[in-house]
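Numbering of residues begins at 1 and proceeds along the displayed sequence.
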Amino acid sequence: MTYEEALARLTSHGQEHLLKYYEELNHEEKEVLLGQIADLDFSLLELIGDGAKQNEKGKLEPLGALTLAEIEEKKDMYEKAGLEAIQAGKVGAVLLAGGQGTRLGLDKPKGMLNVGVHKELYLFEQLVSNLLEVVKKAGAWIPFFIMTSEKNNEDTTRFFEEHNYFGYNREYIYFFIQEMAPSVDYDGKIYMEDKYKLSVSPNGNGGWFSSLAKAGLLDKMKELGIEWLNTFAVDNVLQKIADPVFVGATLEAGCVCGAKVVAKADPNEKVGVLCLEDGKPSIVEYYEMTDEMIHSRDAEGKLLYNYGMILNYLFEVKTLSKIVNESLPVHIVEKKIPFINENGKLVKPEEPNGYKFETLILDMIHMMDNCLSYEVDRSREFAPIKNRTGVDSLESAREMMKKNGIDF
């Protein structure tokens, strides 16, 4: 894109301020800026007329789960079916690791967090160790796709390389970069974080499959014969990955999607809940639930909206390929956004000063015809690290690691 083309494009959307420092830039910086302008999706800016708001839900109804007891009854059968699928090369794993560990005081990718006490043990390392357990059991390598972002890709790839991929076979690891979205002020003007850089951030975990496709990895999956992808979050240190029992149960149920869930610790636990929306699987966030929904119970006294998500899904690739070009709802989120002011100086605000745009993986569930709700034992599979201390923190995760016999 030339300067003239960029100016014309920006002027038509009232964003010509992005070229304010163009003449001060060197050749490389100009190329970076023009490339970002060429990639801008201006349709996002049309969404902020009413500011940050919740997307409306349809008719919500409870959805049960394949319970721990039911899974235990058929565990051998499920595991056999899952291992056969893994051994046939039909299962891949996708780690969502596009974010930074800022809330944990880490100015690096979250997966670089040291969760060890007596020795160094990184979050990335423990997740790879969890996946290696299945590799050893199956006697087959599982293709491992790792989503990074523009902000952490270099750090992430170097970290894996420096640690020899934590013992995983490099030939089966594929990094890909998450797509980005611009950050704007309350009037819809795009912020700049440097004189040659727009302020952009990862476009939310809902963009993982389109980002994977954009990276050209759909052809690689087709070549490898992958039919299922287990997609999971980076921050749960107990995450079981490509769990053959989960894979087998989803296959046996004839579903195109599976979701691991935990029984809520109490009615007000702040977790998204798997339910039905207009007859299709959906996830309702805790802040979208009414008091009646939160406290409703069945005849046996069990919560009707009882199963919380842990961000561990199994998706059929064929179904994902059909919906990859369909639009996910865009969530407009109010955030504190660093920016350069009219004097070209970087400002780090202490209060929210604009919006970021995100798509969420939970919205993909509603695009599926069905979804197996699969209960797991919270004490064995759910130790998220979102805060420094307290609930869902490094402290609480270490307690759970100790209970699970992990050497750290």
Side-chain angles (χ1 to χ4, degrees), residues 92-117 119-135 141-170 172-180 201-209 211-212 215 217 229-243 260 310-313 358 360-361 381-389 392-398 400-401 404 406-408:
V94 183
L95 169 58
L96 306 180
Q100 299 286 88
T102 314
R103 284 172 64 182
L104 302 168
L106 180 71
D107 190 26
K108 294 287 183 182
K110 188 181 281 189
M112 288 174 62
L113 180 71
N114 179 20
V115 298
V117 174
K119 66 173 186 177
E120 286 187 337
L121 178 65
Y122 302 102
L123 197 43
F124 279 140
E125 182 178 7
Q126 185 57 43
L127 291 173
V128 171
S129 175
N130 296 348
L131 180 56
L132 280 169
E133 286 183 20
V134 180
V135 167
W141 289 101
I142 296 165
F144 190 19
F145 302 89
I146 301 171
M147 184 176 78
T148 64
S149 67
E150 284 181 11
K151 293 185 183 295
N152 76 10
N153 181 67
E154 189 175 335
D155 283 336
T156 302
T157 53
R158 188 191 305 120
F159 193 68
F160 269 85
E161 187 177 351
E162 287 172 351
H163 290 86
N164 197 28
Y165 303 91
F166 304 107
Y168 211 82
N169 187 334
R170 174 67 183 94
Y172 288 84
I173 293 180
Y174 306 89
F175 293 98
F176 67 102
I177 298 175
Q178 184 175 7
E179 295 170 272
M180 307 292 277
S201 60
N203 66 349
N205 57 28
W208 70 273
F209 191 71
S211 297
L212 193 147
L217 289 171
L229 289 174
N230 181 202
T231 307
F232 62 98
V234 69
D235 59 10
N236 179 4
V237 71
L238 295 183
Q239 197 86 263
K240 284 192 177 180
I241 305 153
D243 173 4
K260 285 195 170 186
I310 66 169
L311 216 166
N312 187 313
Y313 303 105
E358 297 178 350
L360 301 177
I361 191 170
E381 296 199 36
F382 192 43
I385 304 173
K386 298 182 182 297
N387 308 301
R388 293 195 202 191
T389 58
D392 293 345
S393 67
L394 180 55
E395 287 178 344
S396 61
R398 281 174 172 161
M400 299 293 285
M401 291 166 69
N404 280 274
I406 295 172
D407 179 19
F408 64 101

Check side-chain hydrogen bond (donor to acceptor under 3.5 Å, both in side chains) between [X] and all other residues, then give those that pass, not counting sequence neighbours.
X	result
Arg103	Asn387
Asp235	Lys386
Thr148	Asn153
Lys110	none

Contacts satisfying salt bridge (charged side-chain N to carboxylate O under 4.0 Å, His left out) that involve residues 143-152 (not counting sequence neighbours) are Lys151-Glu193
Set of residues satisfying side-chain contact (heavy atoms from CB on, under 4.5 Å) with respect to [X], sequence neighbours excluded:
X	answer
Glu381	Lys240, Asp243, Lys260, Val376
Ser211	Phe176, Gln178, Glu179
Ala383	Asn236, Val237, Leu238, Ala397, Met400

Paired with Leu394, the side chain to side chain contact (heavy atoms under 4.5 Å, CB included) test is passed by just one of Ile385, Leu104, Asn114, Thr389, namely Ile385
For residues [X] and [Y], determine if any side-chain heavy atom of one lies less than 4.5 Å from a side-chain heavy atom of the other.
X	Y	value
Trp208	Asn203	no
Ile406	Val115	no
Ile142	Leu131	yes
Asn230	Asn312	yes

Contacts of Phe209 meeting ring pair (Phe, Tyr, Trp, His ring centres under 6.0 Å) (sequence neighbours excluded), chain-then-number -> none
The ring pair (Phe, Tyr, Trp, His ring centres under 6.0 Å) partners of Phe408 (sequence neighbours excluded) come to none
Show me the donor-acceptor pairs, under 3.5 Å and distance only, between side chains in residues 121-128 and residues at least two apart or in other chains.
residue, atom, partner, partner atom, Å
Tyr122, OH, Glu120, OE1, 2.9
Tyr122, OH, Glu120, OE2, 3.3
Glu125, OE1, Tyr122, N, 3.2
Gln126, NE2, Asn130, OD1, 2.9

Closest heavy-atom contact between [X] and [Y]?
X	Y	answer
Ala97	Asn152	O-ND2, 3.0 Å
Pro202	Gly98	CG-O, 3.8 Å
Ile173	Ile146	CG2-CD1, 3.9 Å

Rounded to the nearest 0.5 Å, what separates atom [atom1] in [X] from atom [atom2] in [Y]?
X	Y	atom1	atom2	answer
Met112	Thr156	CE	OG1	7.5 Å
Trp141	Leu132	CH2	CG	5.5 Å
Leu95	Phe175	CG	CZ	9.0 Å

side-chain hydrogen bond (donor to acceptor under 3.5 Å, both in side chains) pairs touching residues 161-170, sequence neighbours excluded, are Tyr165-Arg170
Practice item. Apply side chain to side chain contact (heavy atoms under 4.5 Å, CB included) to Phe160 and Asp155, showing your working. Key: CA-CA 9 Å; Phe160 269 85; Asp155 283 336; over 6 Å; no
message: Go through it in stages, so that I can follow the logic: the residues are Phe144 and Ile241, the test is side chain to side chain contact (heavy atoms under 4.5 Å, CB included), and I'd like the CA-CA distance, side-chain angles, deciding distance and then a yes or no.
response: CA-CA 10 Å; Phe144 190 19; Ile241 305 153; 5.7 Å; no
